[in-house]
Amino acid sequence: QVQLVESGGGSVQAGGSRTLSCAASGYTGTLYCMAWFRQAPGQEREGVALLYIPTGVPYYADSVKGRFTISRGNAHNTVSLQMNNLAPEDTAVYYCAASLECSGGVRRAFNDYSYRGQGTQVTVSS
């Protein structure tokens, strides 16, 4: 059974940084598409970053472009999300998702991914 586990959530002051990690277990092949989503209270879940593993090309939502960086981790089927210059509006539960292909880009729905994590809370205070 494939499981995705996010880590690194917590509280941070506005302007600060936080790094999230996602590790997939139970899958011996390569998950070619790994992505991060977030869901703020009362809002829909949105895709914020996606990494196409074979090329290493990242894609970002406009709301995080220039502040967030998605990268492949050192371990197999791991991905990180470096978040800089955080603002209170970045407060959300952040989720990791993975699949074998990246159709749809960052607009692809969370539930369309084959594997999905349980989320980690990030709270940014002003």
Side-chain angles (χ1 to χ4, degrees):
Q1 182 179 358
V2 179
Q3 288 188 321
L4 298 183
V5 178
E6 303 96 338
S7 60
S11 298
V12 61
Q13 289 192 328
S17 299
R18 198 84 185 180
T19 300
L20 304 181
S21 297
C22 171
S25 61
Y27 190 83
T28 57
T30 298
L31 293 167
Y32 291 120
C33 188
M34 298 192 77
W36 286 97
F37 288 77
R38 68 183 180 185
Q39 187 168 22
Q43 296 187 23
E44 293 187 355
R45 186 151 34 201
E46 63 168 343
V48 297
L50 175 155
L51 184 65
Y52 184 51
I53 300 298
T55 62
V57 175
Y59 300 88
Y60 299 100
D62 289 343
S63 58
V64 305
K65 201 171 293 183
R67 299 188 299 123
F68 289 14
T69 302
I70 186 171
S71 61
R72 191 175 184 179
N74 291 328
H76 187 55
N77 287 338
T78 62
V79 67
S80 296
L81 185 69
Q82 172 70 39
M83 305 183 293
N84 296 327
N85 194 21
L86 285 162
E89 50 265 37
D90 294 315
T91 294
V93 178
Y94 284 74
Y95 299 87
C96 179
S99 192
L100 297 182
E101 42 79 28
C102 282
S103 60
V106 291
R107 296 187 180 275
R108 182 178 180 182
F110 182 70
N111 289 335
D112 286 346
Y113 280 80
S114 300
Y115 311 109
R116 303 176 294 274
Q118 295 299 307
T120 185
Q121 175 72 45
V122 174
T123 302
V124 185
S125 58
S126 58

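Position 1 is the first residue of the sequence, and the numbers go up from there.
- Nearest heavy-atom pair across Arg18 and Gly10 is NH2-CA, 3.6 Å.
- Looking only at distances, no side-chain donor or acceptor of Tyr60 sits under 3.5 Å from a matching main-chain atom of Val106.
- Of all non-hydrogen atoms in Gly119 and Val93, the two that sit nearest each other are CA-CG1, 3.8 Å.
- A donor-acceptor pair under 3.5 Å is absent between the side-chain atoms of His76 and the main chain of Ala24, judged by distance alone.
- No option in Ser80, Pro58, Cys33, Cys102 other than Pro58 meets the side chain to side chain contact (heavy atoms under 4.5 Å, CB included) test with Leu51.
- Salt bridge annotation for Arg67-Asp90: present, with a cationic side-chain nitrogen under 4.0 angstrom from a carboxylate oxygen.
- By the 30° and 60° cut-offs, the orientation of the rings of Tyr115 relative to Tyr27 is tilted.
- Here the side chains of Ser63 and Glu89 are not in contact, with every heavy-atom distance at 4.5 Å or above.
- Between the CG atom in Leu81 and the OG atom in Ser21 there is a gap of 9.5 Å [rounded to 0.5 Å].
- Cluster annotation: Val122 is not connected to Phe37 through the hydrophobic network of ILVMFWY side chains, with a link wherever side-chain heavy atoms come within less than 4.5 Å.
- The number of heavy-atom neighbours closer than 6.0 Å to CD of Gln118, taken from other residues, nucleotides and ligands shown, is 12 or below.
- Put simply, CG on Leu50 and CE on Met34 are 10.5 Å apart, with the number rounded to the nearest 0.5 Å.
- For Gln82 (side chain) and Thr19 (main-chain N/O), no donor-acceptor pair under 3.5 Å exists by modelled atom type.
- The hydrophobic clustering, which links ILVMFWY residues whose side-chain heavy atoms are closer than 4.5 Å, places Ile70 and Tyr59 apart.
- Distance check, rounded to the nearest 0.5 Å: CZ of Arg38 to CD of Glu44 gives 14.0 Å.
- Here the closest heavy-atom approach between residue Ala40 and residue Ala92 is recorded as N-CB, 3.7 Å.
- A distance of 12.5 Å separates SG of Cys96 from CD of Gln3, quoted to the nearest 0.5 Å.
- Closest of all the heavy-atom pairs between Tyr113 and Ala97 is CG-CB, 3.6 Å.
- For the 3.5 Å distance criterion, the side chains of Ser125 and Gln13 fail to qualify, holding no donor opposite an acceptor.
- Summarising the geometry, atom CZ belonging to Phe110 is positioned 6.0 Å from atom CZ belonging to Arg116; distances are rounded to the nearest 0.5 Å.
- Aromatic ring orientation, Phe68 versus Tyr94: tilted (interplanar angle from 30° to 60°).
- Arg108 and Asp112 get closest at one heavy-atom pair: NH2-O, 3.2 Å.
- For Tyr95 against Glu6, the heavy-atom pair with the smallest separation is CA-OE2, 3.4 Å.
- Note that CD1 of Ile53 and CG of Leu100 are 11.5 Å apart. Values are rounded to the nearest 0.5 Å.
- Proximity of a side-chain donor or acceptor of Asn77 to a complementary backbone N or O of Cys22 within less than 3.5 Å is not detected.
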